[in-house]
Amino acid sequence: MLTPGLEFGDNGHLYVEGCDTIALAQKYGTPLYVMNENLIRRNCKRYTSFISENFNKGSFPCYASKALSCLEIYRIMAEEKMGVDVVSGGELYTALKAEFPAERIFFHGNNKTYDELKMAVECGVGRIIVDNLTELHNLQKIATEAHKYVKIGLRIKPGIEAHTHDYIRTGQIDSKFGFSIENGEAMQAVKEALLCENLELCQLHCHIGSQIFDTQPFCDATKVMLEFFVTIHKETGLWIKELNLGGGLGASYTDTDSPLEIEEYLTPVAKTLKDVCDEFRIPEPEFHIEPGRSIVGEAGTTLYTLGNVKEIKGIRTYISVDGGMSDNIRYALYKAEYTVLNASKSQGETIDNATLAGKCCESGDLIQENISIVNPEVGDIIAVLTTGAYNYSMASNYNRILRPAMVMVKDGRSRVVIQRESYEDLLNNDI
Ligand SMILES: *Cc1c(COP(=O)(O)O)cnc(C)c1O
């Protein structure tokens with residue numbers, strides 16, 4: 001399986017959006033994150049146009065920037081008329097430095113610090129999604145002191161948890177995020193928010209999981225949330241104006257993954273929203289979602305240089321590359337699956353039972369096990385697909401390995417958007 005924009009050329013090399021990956025590796029070095037800019041922009045356009053055509057005025061998608069955060073991605077999101085969500089002062093700082101409009105930034109997190117909240121209030125982010133009562137009260141204090149009115153949302157646990165093929169409807173209250181509807185916390189938070197004079201409660205938010213392949217859990221969450229809108233109105237007289245369904249649409253990592261198209265996922269959600277609003281005769285809220293992985297995941301490909309091949313007869317063959325858990329920790333962290341290709345050759349004898357290993361001093365530093373790959377030889381360029389989300393953003397300097405460069409490719413051209421770290425960079429904060 002190749003992700004969109006990838007193909008093998010007549011020379012046997014893997015191409016991304018018309019760029020020969022072997023030439024990219026030569027020009028920029030490896031490991032290298034290669035991002036397909038056309039695909040990122042196309043995904044954004046699909047979200048923005050579907051939402052503007054099918055939901056209430058004022059609705060827009062926010063890119064969940066924890067998936068990949070750097071100056072250039074915020075610039076692209078601004079050009080594509082997306083909102084963004086951020087989960088830390090660092091992401092907020094980066095977005096502001098990229099001149100992303102503050103009023104289209106949503107600020108999330110289950111333990112925002114006092115300083116982070118102050119920073120968010122001072123720069124005027126669009127919404128702060130409040131996770132707990134301590135935060136609510138801190139925020140009221142900060143807003144009063146700054147003489148500002150702050151628009152907030154509340155993070156709600158709707159009791160639906162979804163992941164890939166399964167989802168459960170339970171009173172899932174055992175999560176560090178947000179307020180549960182079931183045990184009355186959520187209603188209490190609404191009432192306390194209404195007492196905060198400098199805070200305006202506009203939005204209810206939920207995020208039910210990640211790498212989800214089914215639209216039903218999103219429809220169910222829509223229903224549960226809207227029912228809660230009705231309960232809030234009954235008890236307080238307030239109509240909540242905005243529904244935020246969070247992120248979670250999956251990306252394709254291997255042949256067995258078949259995520260829904262963006263429109264397939266949102267069409268039933270739009271219908272559910274309309275039906276439930278009709279049924280309860282409630283005003284249709286503005287709609288927001290926060291896709292991360294489904295925007296940047298398949299747009300990323302990581303290139304490595306193969307350094308050695310270690311065949312353990314009758315057992316497996318280790319092929320070791322010049323990166324590892326320092327640039328992609330997802331296999332080490334939760335056995336995430338990936339498609340691995342020899343980018344240097346499309347044809348040749350395939351070996352089975354290979355393990356793609358990193359260079360970190362850690363036996364768990366593997367990128368993928370049990371793979372088939374075309375004749376891996378020292379010096380070959382190895383490509384790992386679908387590395388656009390949660391790879392660079394989770395990268396580290398473990399073993400003092402330098403974080404790779406990132407290039408954007410578009411219509412056969414490439415440009416660096418994140419420089420490769422240097423040895424001097426490693427000493428930046430050492431004294
Ligand atoms: C992680 C997260 C997202 C993005 O999830 P994806 O699965 O990458 O789409 C969106 N919103 C919130 C609050 C999140 O925590």
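Counting starts at 1 for both ligands and their atoms, in listed order.
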For Glu369 and Asn353, test the side chains for any donor-to-acceptor distance below 3.5 angstrom and give the result as yes or no.
no

Hey, is Glu290 touching ligand 1 through its side chain, its backbone, both or neither, going by heavy atoms under 4.0 Å?
both

For atom 3 (C) of ligand 1, closest protein heavy-atom neighbour:
His207 CE1, 3.4 Å

If you compare all heavy atoms of Tyr47 against all heavy atoms of Ser294, which two are closest, and at what distance to 0.1 Å?
OH-OG, 2.7 Å

Which residue and heavy atom of the protein sit nearest atom 14 (C) of ligand 1, plus the separation:
Lys66 NZ, 2.9 Å

Say whether His205, considering both its backbone and side-chain N or O atoms, lies within less than 3.5 Å of an N or O atom on ligand 1.
no

Say whether Ala64, considering both its backbone and side-chain N or O atoms, lies within less than 3.5 Å of an N or O atom on ligand 1.
no

Check each atom of ligand 1 against the heavy atoms of Gly292 and keep those under 4.0 Å away; list them by number with element.
6 (P), 8 (O), 9 (O)

What do you reckon, does Phe177 put a non-hydrogen atom under 4.0 Å from ligand 1?
no

Are the side chains of Thr48 and Phe60 in touch, meaning some heavy atoms are under 4.5 Å apart?
no

Do Lys151 and Tyr149 form a cation-pi contact, if we require the NZ or CZ to be under 6.0 Å from the six-membered ring centre and within 45 degrees of the ring's axis?
no

Residue of the set Asn111, Ile129, Ile152, Ile128 for which side chain to side chain contact (heavy atoms under 4.5 Å, CB included) holds with Glu135
Ile128

Proximity flag Ala389 to ligand 1, non-hydrogen atoms under 4.0 Å
no

Do Asn328 and Tyr33 have side-chain atoms, one donor and one acceptor, less than 3.5 Å apart?
no

Can you tell which part of Ser210 has a heavy atom less than 4.0 Å from ligand 1: side chain, backbone, both or neither?
both

Return yes or no for this condition: an N or O of Gly248 is under 3.5 Å from an N or O of ligand 1.
yes

Can Val409 and Glu37 be said to form a side-chain contact (heavy atoms from CB on, under 4.5 Å), step by step?
CA-CA 6 Å; Val409 297; Glu37 184 176 346; over 6 Å; no

Starting from atom 8 (O) of ligand 1, find the nearest protein heavy-atom neighbour and note its residue, name and distance.
Tyr390 OH, 2.5 Å

